[in-house]
Novice: 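Quick one: the structure is below, questions incoming.
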Amino acid sequence: MSNITFTMIKPDAVADGHIGAILGKIAEGGFKIKALKLTQLTVADAKKFYEVHAERPFYGELVDFMSSGPIVAAVLEKDNAVEDFRTLIGATNPAEAAEGTIRKMFARSIGENAVHGSDSDENALIEAQFHFSGREIF
Ligand code: IDP
């Protein structure tokens, strides 16, 4: 698979009722949905998904937050998907995110920042396969 990225609508944005608006921004951004589900990470899932951040001071907080409630997981397709999606979501800290970006519009804070977006083509594939079986990706 190429030209794909993986995203999660995080527990804050699901709890705040932003699923529909965020999926709308994703569609307007020219991304095609290849896989989609409402799910919840266990603590073990969140630890594994974010294990590259295990040494960071916010790891425990991040794992607790990401397993705290339902999320929407999705695989998105577009030319240059990884980079274009990171532009659409904006900076990690919503206070620094550009106007009109998903994080600027919907995030609560640097930790509870509404959406995840893969940081490389390689990680997009790993993350898509972490959440979806082959027959769930179209
Ligand atoms: P990214 O999601 O914009 O790629 P990363 O630096 O990879 O940002 O961090 C992963 C996630 O960890 C962020 O999306 C955010 O939820 C959380 N995070 C990052 N920095 C902080 C922080 O300083 N405090 C609390 N949580 C943080």
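Start at 1 and go down the list; that is how both ligands and their atoms are numbered. What you are looking at is a predicted structure, and each value in this text was computed from that prediction instead of being measured.
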Novice: If the condition is side chain to side chain contact (heavy atoms under 4.5 Å, CB included), which residues does Leu23 pass it with, not counting sequence neighbours?
Specialist: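 Partners of Leu23 by the side chain to side chain contact (heavy atoms under 4.5 Å, CB included) criterion, ordered by chain and then number, come out as Ile9, Ile19, Ile26, Ile33, Leu36.
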
Novice: Please determine whether a side-chain nitrogen of the Lys or Arg among Glu112 and Lys10 lies less than 4.0 Å from a carboxylate oxygen of the Asp or Glu.
Specialist: no

Novice: Is the backbone N or O of Glu77 less than 3.5 Å from a side-chain atom of Asn3, with the two atoms forming a donor-acceptor pair by type?
Specialist: no

Novice: Do the side chains of Ile137 and Phe6 join up, straight or via other hydrophobic residues, at under 4.5 Å, putting them in one cluster?
Specialist: yes

Novice: Tell me which donor-acceptor pairs under 3.5 Å the side chains of residues 51-60 have, and how far apart each pair is, sequence neighbours excluded?
Specialist:
unit_1 : atom_1 : unit_2 : atom_2 : d
His53  : ND1    : Arg56  : NH1    : 3.0
Tyr59  : OH     : Lys47  : O      : 2.8

Novice: Report the residues that fulfil side chain to side chain contact (heavy atoms under 4.5 Å, CB included) with Asp45, sequence neighbours left out, ordered by chain and then residue number.
Specialist: Leu41, Thr42, Phe130

Novice: Show me the short polar-atom pairs for ligand 1: any N or O of it lying under 3.5 Å from a protein N or O, with distances only.
Specialist:
unit_1   : atom_1 : unit_2 : atom_2 : d
ligand 1 : 2 (O)  : Arg103 : NH2    : 3.1
ligand 1 : 3 (O)  : Thr92  : OG1    : 2.6
ligand 1 : 3 (O)  : Arg103 : NH1    : 3.0
ligand 1 : 4 (O)  : Arg86  : NH1    : 3.2
ligand 1 : 4 (O)  : Arg86  : NH2    : 3.1
ligand 1 : 7 (O)  : His53  : NE2    : 3.2
ligand 1 : 8 (O)  : Thr92  : OG1    : 3.3
ligand 1 : 14 (O) : Lys10  : NZ     : 2.9
ligand 1 : 14 (O) : Asn113 : ND2    : 2.9
ligand 1 : 16 (O) : Lys10  : NZ     : 3.0
ligand 1 : 16 (O) : Gly111 : O      : 2.8
ligand 1 : 16 (O) : Asn113 : OD1    : 3.4

